[in-house]
Amino acid sequence: MALMFLSPDDPAELWRDELRARMPELEVRIWPEVGDPAEIELALVWRPPPGELARYPNLKAILSLGAGIEGLIADPTLPEVPVARMVDPSLTSTMAEYVLLAVLRHHRGFDRFERAQRERRWEFSLPPQPGDRQVGIMGLGELGAAAARLLLAHRFPVAGWSRTPKAIDGVTSYAGHSELHAFLHRAEILVCLLPLTAETRSILDAETLNGLPHGAMLINVARGAHLVEDDLLAALDSGHLAGATLDVFKDEPLPPDNPLWQHPKVLITPHVASYSVPAIAAAGVVDNIRRAQAGQPLNHQVDRQRGY
Ligand code: NDP
Ligand code: OXD
């Protein structure tokens, strides 16, 4: 069975070696050196060019190197084979770590101290206790739930908002559109970890941001298209929001003339919130390869209708 590896951002040779260490009989072909397309039965991909996967007539499954698969399934030529998204312990722990870091940076006022330092201002102020700072997480799936648990361990009160109610120890669960307002109302730091779907596109708009308490902060680590950038800029400039940490953008790389770059209340990171370590993630991928070979349902199979 031959697997095609295609990713502009991941270390292809490392992935090949980690997969073959666990499955020596697997032939890994690194795109674009894939040989006869008819011999490719599996594709392990991140952001393949639209139309590319339609070239492989014997594809049995598509395994995504990313957790977010909205770009993949938006391709109208995508073959009708099972698609699995990435769920792996390294992706989950690096995301939880990033969210904790960003929450602590806002909570402890490092964002304000960075601004004050640039102006040589001694801005003495002490933050509340973590127990007095409410964090809200939109999306309580694999990544949102892990971030929630890590924040709880650091004594932040955490609420989550999801499509269906969740029972996670210590996390207050809100679900569905009817509970969104109540969820937002208490979120002094809002973290977005939703998948990008027709329902969640532009969800971080003026109405949502205005539903947060005065002085709230936003952390968007999901997708750039969740956020209406002009509405965020307006909320920051009016003082309603005190800061934002943004890892994802509608256009990546973020164009040099985008006003977010210069905004004093915004921290930008280049889509690095979480990442899979091949030595850790390969085991789950091999498990799914064996499932595909055996004609079994994949782990973490995407529901294409639902969009995640
Ligand atoms: P999951 O599929 O495990 O979780 C998604 C969560 O979002 C679920 O709790 C789901 O609710 C909820 N949700 C989906 N649609 C809605 C809706 N319409 N209203 C309310 N809640 C909704 O995804 P992951 O946690 O694995 O990943 C989340 C996203 O994080 C990815 O899709 C990707 O965009 C982003 N990401 C970003 C990375 C980065 O480096 N910046 C890295 C990895 C991922 P329910 O369970 O009830 O269906
Ligand atoms: C992902 C990502 O979806 O890196 O895994 O954004």
Side-chain angles (χ1 to χ4, degrees), residues 7-10 44-48 63-74 83-99 101-102 136-150 158-168 171 173-184 187 190-204 208 219-227 245-250 252-254 267-278 280-281 284-285 299-308:
S7 167
D9 295 340
D10 294 275
L44 179 57
V45 297
W46 173 242
R47 295 187 170 163
L63 310 179
S64 170
L65 284 156
I69 44 67
E70 74 290 342
L72 198 55
I73 63 174
V83 176
R85 67 200 184 84
M86 177 60 79
V87 173
D88 104 80
S90 56
L91 193 73
T92 301
S93 64
T94 51
M95 179 59 85
E97 178 185 276
Y98 180 104
V99 170
L101 177 64
I137 303 183
M138 300 177 97
L140 271 186
E142 196 62 36
L143 304 179
R149 290 192 185 96
L150 190 59
V158 181
W161 181 71
S162 41
R163 203 174 44 82
T164 55
K166 301 284 175 237
I168 302 173
V171 178
S173 164
Y174 293 84
H177 195 72
S178 62
E179 294 184 5
L180 178 58
H181 187 74
F183 161 80
L184 293 171
L190 180 70
V191 180
C192 181
L193 266 169
L194 290 166
L196 183 63
T197 66
E199 286 178 20
T200 65
R201 182 174 292 275
S202 300
I203 194 164
L204 300 173
T208 296
I219 298 168
N220 186 19
V221 274
R223 285 292 182 263
H226 286 125
L227 176 66
T245 299
L246 306 176
D247 183 57
V248 285
F249 303 89
K250 240 189 303 210
E252 293 183 6
L254 186 63
L267 175 68
I268 286 171
T269 57
H271 200 143
V272 290
S274 73
Y275 47 91
S276 287
V277 175
I280 297 173
V285 172
N299 289 325
H300 316 299
Q301 192 163 321
V302 170
D303 177 338
R304 290 208 207 181
Q305 286 309 314
R306 202 176 60 166
Y308 66 102

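Just so you know, ligand 1 is whichever comes first in the structure, and atom 1 is the first atom listed for that ligand. From a predicted model like this one, the values you see are computed outputs, not experimental measurements.
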Over all atoms of both residues, closest heavy-atom pair of M95 and V221 | CE-O, 3.8 Å
4.0 Å heavy-atom contact, M138 with ligand 1 | no
Contact partition for R223 relative to ligand 2, non-hydrogen atoms under 4.0 Å | side chain
No-hydrogen, no-angle side-chain donor-acceptor test under 3.5 Å, T269 and Y98 = yes
Polar proximity ligand 1 side, E70 side, N/O cut 3.5 Å exclusive | no
Subset of ligand 1 atoms that lie under 4.0 Å from at least one heavy atom of A222 | 34 (O), 35 (C), 37 (C)
Who's the nearest protein heavy-atom neighbour of atom 37 (C) of ligand 1, and how far?
-> V221 O, 3.1 Å
State whether the shortest distance between N or O atoms of H271 and N or O atoms of ligand 2 falls below 3.5 angstrom.
-> yes
Less than 3.5 Å between some nitrogen or oxygen of M95 and one of ligand 1, yes or no?
-> no
the protein heavy atom lying closest to atom 13 (N) of ligand 1 turns out to be L194 CD2, 3.7 Å
Output the list of atoms in ligand 1 that are nearer than 4.0 Å to some heavy atom of H271, sorted by atom number.
-> 39 (C), 40 (O), 41 (N)
Could you walk me through whether L190 and M138 pass the side chain to side chain contact (heavy atoms under 4.5 Å, CB included) check?
-> CA-CA 8 Å; L190 180 70; M138 300 177 97; 3.8 Å; yes
Neighbour count >12 (heavy atoms, 6.0 Å) for atom CD, E252 | yes
Heavy atom of the protein closest to atom 27 (O) of ligand 1 (residue, atom name, distance) = L143 CD1, 3.5 Å
Closest non-hydrogen atom pair between A273 and D247, with its separation = N-OD2, 3.0 Å
N/O of L193 under 3.5 Å from N/O of ligand 1, yes or no?
-> no
So which heavy atom in the protein is nearest atom 40 (O) of ligand 1, and how far is it from that ligand atom?
-> S274 N, 3.3 Å
Residue-ligand contact D247/ligand 1, heavy atom below 4.0 Å = yes
Closest by any non-hydrogen atom to atom 7 (O) of ligand 1: pick that one out of G160, A67, P195.
-> P195
Taking both backbone and side-chain atoms of A67, is any N or O found less than 3.5 Å from an N or O belonging to ligand 2?
-> yes
Donor-acceptor under 3.5 Å (S276 side chain, L91 main chain) = no
Flag if over 12 foreign heavy atoms under 6.0 Å of CZ, R47 | yes
Where the closest heavy atom to atom 18 (N) of ligand 1 is concerned, which of R306, H226, E199 has it?
-> E199
Atom 47 (O) of ligand 1 [closest protein heavy-atom partner, distance rounded to 0.1 Å] = T164 OG1, 2.4 Å
Answer side chain, backbone, both or neither: which part of I69 comes under 4.0 Å from ligand 1, heavy atoms only.
-> neither
Top protein contact for atom 17 (C) of ligand 1, by heavy-atom distance | T200 CG2, 3.9 Å
Using distance alone, decide if ligand 2 has a nitrogen or oxygen within less than 3.5 Å of any nitrogen or oxygen in G66.
-> no
Measure V248 to ligand 1 on non-hydrogen atoms and call it side chain, backbone, both or neither using the 4.0 Å cut-off.
-> side chain
Among all protein heavy atoms, pick the one closest to atom 11 (O) of ligand 1 and tell me residue, atom and distance.
-> R163 N, 3.3 Å
Per atom 10 (C) of ligand 1, closest listed option by heavy atom (Y308, W161, Y174, F183) = Y308
Report yes if some N/O of G141 lies less than 3.5 Å from some N/O of ligand 1; otherwise report no.
-> yes
Does H226 reach the side chain of T200, with side-chain heavy atoms less than 4.5 Å apart?
-> yes
In short, S173 meets E179 closest at the heavy-atom pair O-OE1, 4.2 Å
Among side-chain atoms of W46 and D9, is any donor-acceptor pair under 3.5 angstrom?
-> yes
What residue and atom, counting heavy atoms only, is the protein's closest point to atom 23 (O) of ligand 1, and at what distance?
-> R85 NH1, 3.6 Å
